[in-house]
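Notes follow once the structure below has been shown.
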Amino acid sequence: MTADLHIHSTASDGLMSPAEVVTAANSLHLETIALTDHDSIAGVLAAKKAAEGLDVTLINGVEITACFERREIHLLAYAFNIKDEGLNACLQDHKKARIERAKYIIDRLGKKGLHVTIDEVRAEAISSNICRPHIAAVLVEKGYVATPREAFIRFLSDEALGEMQNFYRNLKDVIAVVKQAGGVAVIAHPGRLYSDMQLNKIISAGIDGIETVHPAHTYVIQQKLEQLALKNDLLTTGGSDFHGRRRTYYRHFGMLGVNGEDVEKINRLASHRK
Ligand code: AMP
Ligand code: MN
Ligand code: MN
Ligand code: MN
């Protein structure tokens, strides 16, 4: 394992700045990393700058939210052209979508007697994309819950929120945007989230790879996903989904990932698209 292709920074809901992430990854002797912030590439250039002179290499990355069968789905994109207009337009749309979605969630919380304002959530997110952990942090600050974990279990998890309005572009459109930008599209942490039939639909939508290695995946799930990738001639990727210490999965940073060969395959496919 030498590459961690799933990492968050303060450009979305991570706790460490892009430069801090790079320094930490270098100390852990990771050779390749991808910063994959939610619907944001705002941290990528800063991370690349921080990596200059170090032994760690950055590949362009982002975790894009999309709409699939009226649910939100996460798609990892790698090795795209960072200046691509179509990709940047999509991320701009999603930045706005995240504000509208936060207002919608706040409205629902209000009906349950939990009073939060969009300005409080914006202050928590600072200038980065608004994500649910920012809302969770406000709920903790205001004393509605004791911990972010409790905020998710009771109010913010997919189960607690139930079906929501769709705020994002749909899966097929997002895959097309990523490919047009010369990038590679990978379904993020699919383990347990989708039925076999849904997974097949996601593959048919045109993804290039499956994130097989992820802290939420058991060994059995990982094996099953590897078989599926093999059968459909898809790339396999993985990472720790690190969000900084104190957030979910932080223990896996430096422990979970893929090898240089998997990174090579991503770069090779992307170079054919440019
Ligand atoms: P969003 O992109 O706004 O839907 O927020 C998704 C993020 O919320 C994930 O990337 C995690 O960082 C966090 N998250 C989602 N579900 C949970 C959960 N059950 N417990 C803690 N954090 C969660
Ligand atoms: Mn996150
Ligand atoms: Mn995700
Ligand atoms: Mn993630």
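Start at 1 and go down the list; that is how both ligands and their atoms are numbered.
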For [X], the ligand 1 atoms whose distance to one of its heavy atoms is below 4.0 Å:
X      : value
His243 : 10 (O), 12 (O)
Cys131 : 3 (O)
Arg98  : 1 (P), 2 (O), 3 (O)

- Message: Does the plane of the ring in His214 sit parallel, tilted or perpendicular to the ring in His189? Use 30° and 60° as the thresholds.
- Response: perpendicular

- Task: Please state which part of Arg101 comes within less than 4.0 Å of ligand 1, counting heavy atoms only: side chain, backbone, both or neither.
- Result: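 Within the 4.0 Å criterion, Arg101 contacts ligand 1 through side-chain atoms alone.
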
- N, O or S from Glu63 under 2.8 Å to the Mn ion (ligand 3): yes

- Task: Ignoring hydrogens and angles, state whether a donor on the side chain of Asn129 or His38 is under 3.5 Å from an acceptor on the partner side chain.
- Result: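 There is no such pair between these side chains.
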
For [atom], find the nearest protein heavy atom and state the residue, atom name and distance (0.1 Å precision).
atom                    : answer
atom 11 (C) of ligand 1 : Asp13 OD2, 3.9 Å
atom 10 (O) of ligand 1 : His38 NE2, 2.9 Å
atom 15 (C) of ligand 1 : Phe152 CE2, 3.4 Å

Assess whether a salt bridge exists between [X] and [Y], defined as any Lys/Arg side-chain N lying under 4.0 Å from an Asp/Glu carboxylate O.
X      : Y      : value
Asp196 : Lys224 : yes
Asp107 : Lys103 : no
Asp39  : Lys95  : no

- Item | Nitrogen or oxygen of His74 less than 3.5 angstrom from that of ligand 1 |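 N/O-N/O distance under 3.5 Å: no.
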
- Message: Contact between ligand 1 and Thr65 is defined here as a heavy atom of the residue under 4.0 Å from a ligand atom; is it met?
- Response: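 Distance cut 4.0 Å: Thr65 fails for ligand 1.
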
- Item | ND1 (His74) to the Mn ion (ligand 3) to NE2 (His189) angle, given to the nearest 10 degrees |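 Approximately 110° at the metal, rounded to tens of degrees.
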
- Message: Any N/O/S atom, side chain or main chain, of His6 closer to the Mn ion (ligand 4) than 2.8 Å?
- Response: yes

- N/O/S atom of His38 under 2.8 Å from the Mn ion (ligand 4), yes or no? no

